[in-house]
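Worksheet: the structure to be examined is printed underneath.
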Amino acid sequence: MVVATEVSSETYEGQFGPFVITPNDRREVVIYRIGLGVAAFSFALAVTLLLLGGVTAGLLWLASGLYFLMWVGLGVSLWFIHIYLRPLHQALQVFWLVGGLASIGLAISFPAPLVLTAYQQPLSMLGIGFTFAALTGIFFKEAFCFNRLETKILTLLVPAMLLTHLVGALPVMLGRDLLIVWAVLFSVFAFRKLVQPIPPDIGDKSVFEYLKQQRQVNA
């Protein structure tokens, strides 16, 4: 097994031929995981502060800031994530950008902290929700590639919560409990990524090269 601390290049046999994992490949995976860690920590801290610290103006503003920190961490991860399907990768990046721009627009348009706006204005999910759609895309990718239980649950939980809140059908106490589950599972996922061997996150580079050649031929 190639461990995360190794820096030398290693040759592997892929589906379309041999490929080499370089130190740069490893750095990209490390940055991807750091981005996930920042996003998970920011989300979990925001949920913890709101549920245990009480709903005060200061905590609402702090939680809103943590949302934007989560958004930045997510964007870093989406830049460095390895996904075979380029259109899917680009779609997730577009979702992330739309969600961020919508969040900034709402923060400017409403004087209240963003998290309070998101709670009081369910239709705001039509904009902010794109951020979490991008996050759900990562959960889906990880569930598909690594069969992780926490990401399978999150792939269903996150859109279900957003959609029920959007239509005003999410009871307050149930929403509170589901937020806790979301924060815990997101943290578990991020921690497990930190200790996972690096090569699986890089994937089969021969597949990336084959898909690149196919795009060039079709062009």
Side-chain angles (χ1 to χ4, degrees), residues 1-40 70-102 126-127 129-160 162-163 186 189-190 192-219:
M1 177 183 295
V2 181
V3 297
T5 56
E6 291 181 350
V7 295
S8 60
S9 298
E10 294 284 343
T11 301
Y12 294 81
E13 188 62 36
Q15 182 177 352
F16 297 98
F19 64 93
V20 175
I21 290 181
T22 66
N24 185 62
D25 294 325
R26 296 177 183 279
R27 280 192 294 269
E28 289 184 351
V29 171
V30 170
I31 295 173
Y32 162 66
R33 295 177 180 183
I34 290 174
L36 283 178
V38 169
M70 182 202 73
W71 180 76
V72 172
L74 177 60
V76 170
S77 292
L78 285 171
W79 184 264
F80 289 98
I81 192 173
H82 290 204
I83 298 179
Y84 292 128
L85 297 178
R86 187 180 182 187
L88 175 59
H89 190 182
Q90 293 174 331
L92 295 181
Q93 291 175 325
V94 170
F95 286 172
W96 170 83
L97 181 60
V98 171
L101 292 176
L126 293 175
F130 279 94
T131 296
F132 297 107
L135 179 60
T136 302
I138 291 182
F139 293 151
F140 176 79
K141 179 262 184 187
E142 292 284 341
F144 181 81
C145 293
F146 300 109
N147 197 32
R148 295 190 182 281
L149 177 61
E150 66 271 18
T151 53
K152 290 181 180 179
I153 296 173
L154 288 167
T155 298
L156 299 175
L157 175 64
V158 174
L162 296 180
L163 289 173
F186 193 3
F189 163 58
R192 292 183 69 187
K193 292 303 295 182
L194 289 176
V195 299
Q196 177 184 333
I198 284 182
D201 258 346
I202 297 172
D204 185 344
K205 290 178 66 177
S206 73
V207 174
F208 286 105
E209 184 60 31
Y210 172 77
L211 293 175
K212 179 180 178 180
Q213 293 173 355
Q214 290 298 109
R215 289 195 299 269
Q216 291 173 343
V217 170
N218 292 334

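Here the closest heavy-atom approach between residue Leu74 and residue Thr131 is recorded as CD2-O, 3.5 Å. In terms of heavy atoms, Ala40 sits closest to Ala190 at CB-CB, 3.6 Å.
Tyr84 pairs by the ring-ring contact (aromatic ring centres under 6.0 Å, His included) definition with Phe208, not counting sequence neighbours. Legend: residues meeting side chain to side chain contact (heavy atoms under 4.5 Å, CB included) with Phe130, ordered by chain and number and at least two apart, are Phe95, Val98. With sequence neighbours excluded, the residues that form a ring-ring contact (aromatic ring centres under 6.0 Å, His included) with Phe186 are Phe139. Every residue meeting the ring-ring contact (aromatic ring centres under 6.0 Å, His included) condition with Phe16, not counting sequence neighbours, appears here in chain and number order: Tyr210. The salt bridge (Lys or Arg N to Asp or Glu O under 4.0 Å) search around Asp25 returns Lys205, not counting sequence neighbours.
Rounded to the nearest 0.5 angstrom, Glu209 CD and Gln214 CD are separated by 11.0 Å. Taking CD1 of Ile31 as the start and CD1 of Ile81 as the end, the distance is 13.5 Å to the nearest 0.5 Å. In this structure, CD1 in Ile202 is found 9.5 Å from CG in Asn24, a value given to the nearest 0.5 Å. To the nearest 0.5 Å, atoms CH2 (Trp71) and CG (Leu97) are separated by 6.5 Å.
Here the side chain of Ser206 pairs no donor or acceptor atom with the backbone of Phe19 at under 3.5 angstrom. Checking side-chain atoms of Gln93 against main-chain N and O of Leu78 turns up a donor-acceptor pair under 3.5 Å.
Of the residues Leu92, Leu36, Val38, the one that meets the side-chain contact (heavy atoms from CB on, under 4.5 Å) test with Ser77 is Leu36.
Pairs passing the side chain to side chain donor-acceptor pair (under 3.5 Å) check and including a residue from residues 138-150, sequence neighbours excluded, read Tyr32-Glu142, Glu142-Lys193, Asn147-Lys152, Arg148-Gln196, Glu150-Arg192.
When side chains are defined from C-beta on, His82 does not count as touching Asp201, because their heavy atoms never get closer than 4.5 Å.
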